[in-house]
Amino acid sequence: MIELCQNDILSWVLFLPLAFAALLAVLPGSAKTLLCWTAFAASVVVFAVSLSLWCGFIPGEAGMQFTIHKPWIEQWGVSYHLGIDGISLLLILLTTFLTPVVILSTWSGVKKNIKGFLILLLVLETGMLGAFMALDLVLFYFFWEVMLIPMYLLIGVWGHERRIYAAIKFVLYTMVGSLLMLVAFLYLFWIGKESLGYFTTDLLQLYRVAVPYHAQFWLFASFALAFAIKVPMFPFHTWLPDAHVEAPAAGSVILAGILLKMGTYGFIRFAMPLFPAASQAFTPVILTLAVIGIIYGALVAMVQPDLKKLVAYSSVSHLGFVMLGLYTLTSTGVTGGVYQMLNHGISTGALFLICGILYERRHTRLIDQFGGLSSRMPLLAVFFLLATLSSIGLPGLNGFVGEFLILIGTYGSAHPGYVFFAATGVILSAVYMLWMFRRVMFGPLDNPQNRKIADLSFREVMVLLPVTVMMFWMGLFPGMFLSRITPSVEKFIDQYNRKLELVQSVETVKSPLEHRVVFGPRGGSER
Amino acid sequence: MEPLAVQYDILRWIVLSPLLGAVVISLLGRTLPRKLTGTIASAAVGVSFFIGLAAFIKLKGLAGHGHGEQAAFLSDTLYRWLAVGGLSVDVAFAFDRLSAVMVLVVAGVSALIHIYSMGYMAHDKSYWRYFAYLNLFVFFMLVLVLADNAVVMFVGWEGVGLCSYLLIGFWFEDPEKAYAGKKAFIVNRIGDFGFLLGIILIFWTLGTVNFNEIAGQAPAVLVAGGSLATLICLLLFLGATGKSAQIPLYVWLPDAMAGPTPVSALIHAATMVTAGVYMIVRLNVLYLLAPAAMCVVAVVGAATAIYAASIGLVQNDIKKVLAYSTVSQLGYMFLAVGVGAFSAGIFHLMTHAFFKALLFLGSGSVIHAMSGKQDIREMGGLKKKMPVTYWTFLFATLAIAGIPPFAGFFSKDEILWKAFSSPQGHWGLWLIGFAAAGMTAFYMFRLVFLTFHGQCRADEKTKSHLHESPYLMTVPLMVLGVLSVIGGFVGIPEILGGGNGFHHWLAPLLGNENGAVQVSAGVQHWPHAVEYTMIALSVAVAVAGIFGAWVFYIKQPEKPKQLAERWPLLHQLVYNKYYIDEIYNVFIVQPIKLTSTFLLWKIFDAGVIDGVVNLTGSSVRGLGRVAARLQNGYAQAYAVTFLIGVLLLIGSFVW
């Protein structure tokens with residue numbers, strides 16, 4: 001029995017939120033307290049169950065663990081194939097960790113139809129978990145689209161003034177990418193048949209297919225565009241500020257904390273390992289866009305009058321760091337990139353939670369409406385400051401570990417020069433975050449509407465405490481996380497390089513985008 | 001020879017004790033009585049000092065017991081912090097001869113300032129918050145000086161910056177103070193950008209971030225005078241200019257005086273701002289491989305020394321004068337390390353910590369008595385009312401002016417001598433340092449005369465409140481006063497009959513002393529007469545400066561005004577600090593803000609990108625409308641379309 005449970009643990013984690021959502025559906029919509037507590041308890045249970053993944057995970061092993069493989073549509077080779085490695089393990093834990101935090105944060109903020117809201121959050125959780133667990137392209141695509149609908153509704157129904165525009169923009173942007181990705185899927189499906197002799201949508205099998213270079217080019221471009229929109233990479237980011245600003249606080253936290261990681265995860269799990277030669281050719285483009293994103297996001301964040309927009313643009317900057325890390329293709333850089341995904345989820349999640357707390361009290365997001373809040377809200381000041389510092393990468397907190405590894409990896413990659421541009425993010429993040437913090441928290445308390453503002457309630461402390469603890473934990477003791485990420489990352493790099501060589505040996509490449517094949521740490525060049 | 005590490009487990013408590021203090025005070029500070037809070041904080045730092053002392057004695061013992069003169073250091077490793085790929089970083093501390101000096105100075109001065117603060121901050125409503133920050137600062141500062149690798153040092157480096165930010169903006173309700181805190185942090189971050197890149201380059205070049213390994217491998221791996229070595233050193237130096245307030249990043253330090261005065265004494269004079277000097281000395285082996293970078297360090301140091309001194313001549317805020325003086329003295333330290341006189345730099349760092357901390361604490365005592373006023377034009381004649389403050393302040397002033405046998409004389413004289421005589425030195429550098437020394441004596445005695453001598457110019461209300469400070473404040477002043485007098489005796493040069501023990505103590509760690517790096521050949525041996533002359537000259541210029549101040553502010557007090565009126569433009573220029581803040585604002589800050597607001601955000605983001613997105617949306621809708629019109633229900637129209645289609649198809653086949 002235990003054995004059985006062990007084998008199906010991923011399915012349990014995956015479908016528990018959905019089951020709880022069904023349970024919520026039968027509860028009366030008017031029993032608000034009951035609904036809130038049930039949803040919260042449900043998400044805590046999911047988190048607890050997911051912790052067994054952490055305990056059962058074998059850190060040194062790079063491959064997929066806890067795999068479940070059941071046939072689904074046999075004649076097309078579609079299967080229900082789940083499995084996790086060190087990278088998806090931590091993203092899954094991030095998801096199950098943030099969901100209870102988010103649910104707890106919505107208790108007072110959501111005014112209408114909280115039942116629907118909570119159900120959607122749980123459905124969304126299943127969608128996100130599925131996307132992180134899926135090892136079959138059809139399955140992945142299914143969950144990828146499943147995520148879209150609840151998020152659309154969260155923004156469109158519970159959002160602020162311009163919610164409809166933002167929701168539609170969000171869906172259109174994502175759909176464009178998704179459709180391209182779907183077409184690419186189908187094409188890949190045929191190439192797979194030609195190469196393997198049978199139809200399959202299984203990711204691990206498709207990894208073995210050496211896709212001809214000319215096909216790779218277009219396939220990669222389609223995948224990359226879909227994921228780049230999700231990340232979002234410059235210049236496909238303009239849906240993000242609108243979506244964040246209009247989304248309810250909980251929606252922003254999920255969006256920034258987890259959904260954006262679908263993009264970067266898509267790169268590392270699908271686009272890069274499936275089409276390494278094309279990915280290699282695109283590397284300079286992607287690195288450049290990543291670095292532009294870092295600087296551009298920071299500069300535009302700096303001048304935002306709206307708190308949430310500021311944090312949204314800072315996400316563009318931070319995700320630029322993640323993309324930079326992934327494309328260093330060094331174990332430090334990619335590990336740093338994955339770590340930065342988690343960090344961003346924690347610290348930006350915290351910042352959006354704080355935006356929500358402030359919005360609930362003052363019904364505004366405009367920075368100049370605040371000022372001097374520290375004297376009225378000393379507790380919030382502490383949490384806010386820590387989230388700010390985590391976001392700007394102060395050593396000792398989580399953000400530094402990711403940024404530092406990425407920068408180290410960048411200099412050790414085939415394109416070391418980018419490090420000098422990326423590192424300006426260190427300066428710029430301090431500029432926009434501290435400027436914002438000063439305008440909100442310091443100075444005289446001169447807006448009369450802020451005079452009676454209340455400090456954090458016990459519930460709000462309970463919302464912010466777990467994320468704050470994680471900032472310290474991941475900053476001071478990154479070892480236990482890194483030891484799980486790094487082996488999978490190294491395997492990813494190894495596969496990438498081997499497949500790259502395979503494709504190149506099969507055919508002589510003629511491409512307008514000349515690609516260089518220089519790998520590994522460049523260290524010791526002076527030696 | 002690889003240095004010998006001796007495990008010493010209690011080393012970690014030097015660092016952890018103030019951290020524990022900070023944690024206890026943050027959690028319980030609201031409920032504890034004030035006296036107890038201050039006592040806990042001071043005791044926590046005291047513990048660090050005494051463990052440091054014990055470690056120092058142990059280290060001395062090692063040196064004497066045949067472990068090899070240069071080799072031994074104490075080490076304590078806590079855990080492996082980061083390990084990915086080839087990178088591995090331990091949270092580990094190393095107590096060698098250099099960090100021994102730093103720990104004792106930092107913990108000692110910090111303990112005194114903690115005690116002083118118990119008196120100075122006694123009536124502040126956020127008393128516990130102050131001590132929590134202060135303890136946290138000492139924690140990070142000790143991490144910085146004890147770190148055995150560059151990454152952990154960076155943790156301390158950023159941490160002290162954070163505490164500086166929090167303490168400058170301690171009274172955050174005042175927008176100016178909050179602004180000053182933010183400015184300090186951001187300007188420091190510009191430096192940190194360089195430091196971080198420097199660390200990364202070191203890692204990829206040498207494969208390690210550990211200081212001992214860097215020192216061991218650099219001479220073999222890096223090409224002396226090569227561009228990589230120069231680049232690394234310049235990047236690190238950029239970090240140093242931020243933290244240690246050198247041109248062009250010094251602008252935050254004068255504004256940092258917005259913090260409580262003991263904070264200015266501790267962070268912005270005695271300890272944190274010297275971190276840049278410490279870092280360069282710590283990595284002196286790298287710098288010796290990059291003569292060009294050392295030249296830059298020396299020139300920037302000398303330029304900062306004289307530039308800041310000139311601004312100090314005309315400021316009227318007692319703390320601003322001291323702030324510019326600090327910038328100037330830090331310039332001396334960089335001048336020293338830039339010409340390869342690393343031990344002289346650290347020597348001056350130490351004596352400066354004593355006398356500048358004392359000057360700031362003394363000014364705090366004055367401000368305390370003056371009910372918060374800081375303008376020296378409103379002071380005068382305080383000598384009688386505040387004898388302890390006066391006499392200790394005077395000692396410190398004599399020390400900074402370089403009058404023998406006060407502490408500053410020995411360290412400054414060594415710097416000037418090395419600037420002149422060392423292979424990397426130059427008489428031009430000496431001349432700048434020499435001129436700045438005269439200015440220093442002048443502006444410091446101007447301060448003394450205007451504050452303590454003459455008639456009291458304060459209003460009656462302030463006058464009636466004038467009083468000497470309580471013991472909690474005067475006792476630290478006296479201790480520092482003693483140190484300002486005798487602190488230089490550890491480094492009396494051989495030519496004056498001393499053994500220069502300080503220099504010999506540090507020598508094993510310095511690349512140019514132990515032969516790890518061959519300095520450019522041709523070390524000149526100067527005749528004693530030259531050295532005596534130089535000493536005489538530097539004393540003479542100090543005396544001249546003091547005399548000038550006496551003439552201007554005691555004998556003919558109307559003179560300064562006349563001079564200012566005769567050269568109004570020059571006076572305005574210097575008085576307004578050469579308008580550097582304004583220049584930075586107009587040429588850097590505003591353009592970035594405007595570009596970001598208009599070009600990037602409003603035009604590019606909202607205009608171009610969103611324009612394309614919205615255009616795509618509306619053109620799809622338009623296409624839909626056209627398509628909808630085709631479906632008009634007329635059979636003839638369908639037939640025509642059908643016919644056209646067939647013709648096109650046939651045409652394509654025929655083609």
Side-chain angles (χ1 to χ4, degrees), chain A residues 169 172-173 235-239 241 296 299-300 302-304 330-332 335-336 372 374-375 389 392 394-396 400-401 404-405 407-412 416 419-420 423-424 426-427 430-431 434-435 437-438 441-445 476-479 482-483 486 521-527, chain B residues 26 79-87 91 151-152 154-159 162 165-166 169 172-175 177-179 181-182 185-186 188-190 192-193 196-197 199-201 203-207 221-223 226 228 592-593 595-597 600-601 604-606 608-610 613 616-617:
Chain A
K169 200 170 175 184
L172 282 184
Y173 248 114
F236 309 111
H237 63 275
T238 59
W239 64 271
Y296 180 92
L299 287 175
V300 178
M302 188 172 73
V303 293
Q304 294 306 312
T330 56
S331 62
T332 30
T335 304
S374 278
S375 50
L389 296 173
I392 65 179
L394 192 89
F400 174 72
V401 177
F404 182 64
L405 291 177
L407 292 175
I408 284 258
T410 307
Y411 191 72
V419 77
F420 293 93
T424 56
V426 171
I427 305 171
V431 175
L434 290 181
W435 192 29
F437 192 78
R438 178 178 70 87
M441 301 307 287
F442 292 161
L445 190 75
L476 294 173
F477 308 104
L482 295 176
S483 65
T486 312
R522 225 180 36 92
S525 53
E526 290 241 346
R527 250 176 244 202
Chain B
S26 324
Y79 65 97
R80 178 140 298 178
W81 182 32
L82 287 173
V84 180
L87 174 79
V91 176
V151 183
V152 173
F154 189 70
V155 174
W157 185 273
E158 290 272 281
L162 166 69
Y165 163 78
L166 291 170
F172 57 80
E173 288 94 341
D174 181 343
K177 294 184 160 72
Y179 172 82
K182 187 206 73 172
F185 199 105
I186 290 170
N188 266 294
R189 271 265 159 155
I190 298 173
D192 298 346
F193 159 85
L196 196 59
L197 286 174
I199 294 174
I200 291 169
L201 263 64
F203 171 70
W204 283 107
T205 311
L206 303 174
V221 176
L222 277 168
V223 182
L228 188 59
I592 290 181
K593 251 193 218 175
T595 315
S596 303
T597 312
L600 297 186
W601 179 31
F604 193 70
D605 220 76
V608 177
I609 302 181
D610 262 2
V613 172
T616 316

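Worth saying up front: this structure is predicted, and the values here are computed from it rather than measured. The chains referred to below are lettered A, B, ... by the order of the sequence lines, with proteins before strands, and numbering in each begins at 1.
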Test log, rule side chain to side chain contact (heavy atoms under 4.5 Å, CB included), inputs Phe437(A) and Lys182(B): CA-CA 9 Å; Phe437(A) 192 78; Lys182(B) 187 206 73 172; over 6 Å; no

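- Interface check for chain A: of the options Leu162(B), Val155(B), Leu201(B), Asp192(B), the most heavy-atom pairs under 4.5 Å are formed by Leu201(B).
- The greatest number of non-hydrogen atom pairs below 4.5 Å with chain A, out of Gly226(B), Pro175(B), Ser26(B), is found for Pro175(B).
- Leu600(B) touches chain A through backbone and side chain together, each having a heavy atom under 4.5 Å away.
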Determine, step by step, whether Trp435(A) and Ile186(B) satisfy the side chain to side chain contact (heavy atoms under 4.5 Å, CB included) criterion, reporting the C-alpha distance in whole Å, the side-chain angles of both residues, the deciding distance to 0.1 Å, and the verdict. CA-CA 9 Å; Trp435(A) 192 29; Ile186(B) 290 170; 5.6 Å; no

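- Between Leu197(B) and Ala423(A), the closest heavy-atom pair is CD2-CB, 3.9 Å.
- With a 4.5 Å cut-off on side-chain heavy atoms, Ile609(B) and Phe236(A) do not count as touching.
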Run the numbers on Leu87(B) and Leu405(A) for side chain to side chain contact (heavy atoms under 4.5 Å, CB included), then give the verdict. CA-CA 9 Å; Leu87(B) 174 79; Leu405(A) 291 177; 3.7 Å; yes

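- Listed by chain and residue number, Asp242(A), Asp610(B) satisfy the salt bridge (Lys or Arg N to Asp or Glu O under 4.0 Å) test with Lys169(A) (two or more places apart in sequence, or in another chain).
- Across Gly479(A), Ser375(A), Ser483(A), Gly396(A), the residue that shares the most heavy-atom pairs under 4.5 angstrom with chain B is Ser375(A).
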Verdict with reasoning, Leu196(B) to Phe404(A), per side chain to side chain contact (heavy atoms under 4.5 Å, CB included): CA-CA 8 Å; Leu196(B) 196 59; Phe404(A) 182 64; 3.8 Å; yes

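- Remark: Leu482(A) CG to Leu82(B) CG distance equals 6.5 Å, nearest 0.5 Å.
- Here the closest non-hydrogen pair linking Trp204(B) and Ile408(A) is NE1-O, 2.7 Å.
- Taking CG of Leu389(A) as the reference point, atom CD of Glu158(B) lies at 10.0 Å (rounded to 0.5 Å).
- Interface remark: Val151(B) contributes side-chain atoms only to the contact with chain A (heavy atom separation under 4.5 Å).
- Most heavy-atom pairs under 4.5 Å with chain A: of the set Asp174(B), Leu166(B), Ile190(B), this distinction falls to Ile190(B).
- Atoms CZ and CZ, on Phe420(A) and Phe193(B) in that order, are 7.5 Å from each other to the nearest 0.5 Å.
- Within 6.0 Å of the OH atom in Tyr179(B), the count of heavy atoms belonging to other residues, nucleotides or ligands does not exceed 12.
- Using a 4.5 Å heavy-atom threshold, the side chains of Val426(A) and Arg189(B) count as touching.
- The candidate with the highest count of non-hydrogen atom pairs below 4.5 Å against chain A, out of Thr597(B), Asn188(B), Asp605(B), is Asp605(B).
- Contact count against chain B (heavy-atom pairs under 4.5 Å) is highest for Gln304(A) among Met441(A), Gln304(A), His237(A).
- Heavy atoms of Thr410(A) lying under 4.5 Å from chain B are absent altogether.
- In this structure, the side chain of Trp81(B) does not engage the main chain of Pro478(A) through any donor-acceptor pair within 3.5 Å.
- The shortest distance between side-chain heavy atoms of Tyr411(A) and Phe203(B) does not fall below 4.5 Å.
- Put simply, of Trp157(B), Tyr79(B), Phe185(B), Tyr165(B), the one with the most heavy-atom pairs under 4.5 Å next to chain A is Tyr79(B).
- For the options Gly409(A), Pro241(A), Ser374(A), heavy-atom pairs under 4.5 Å to chain B are most numerous at Ser374(A).
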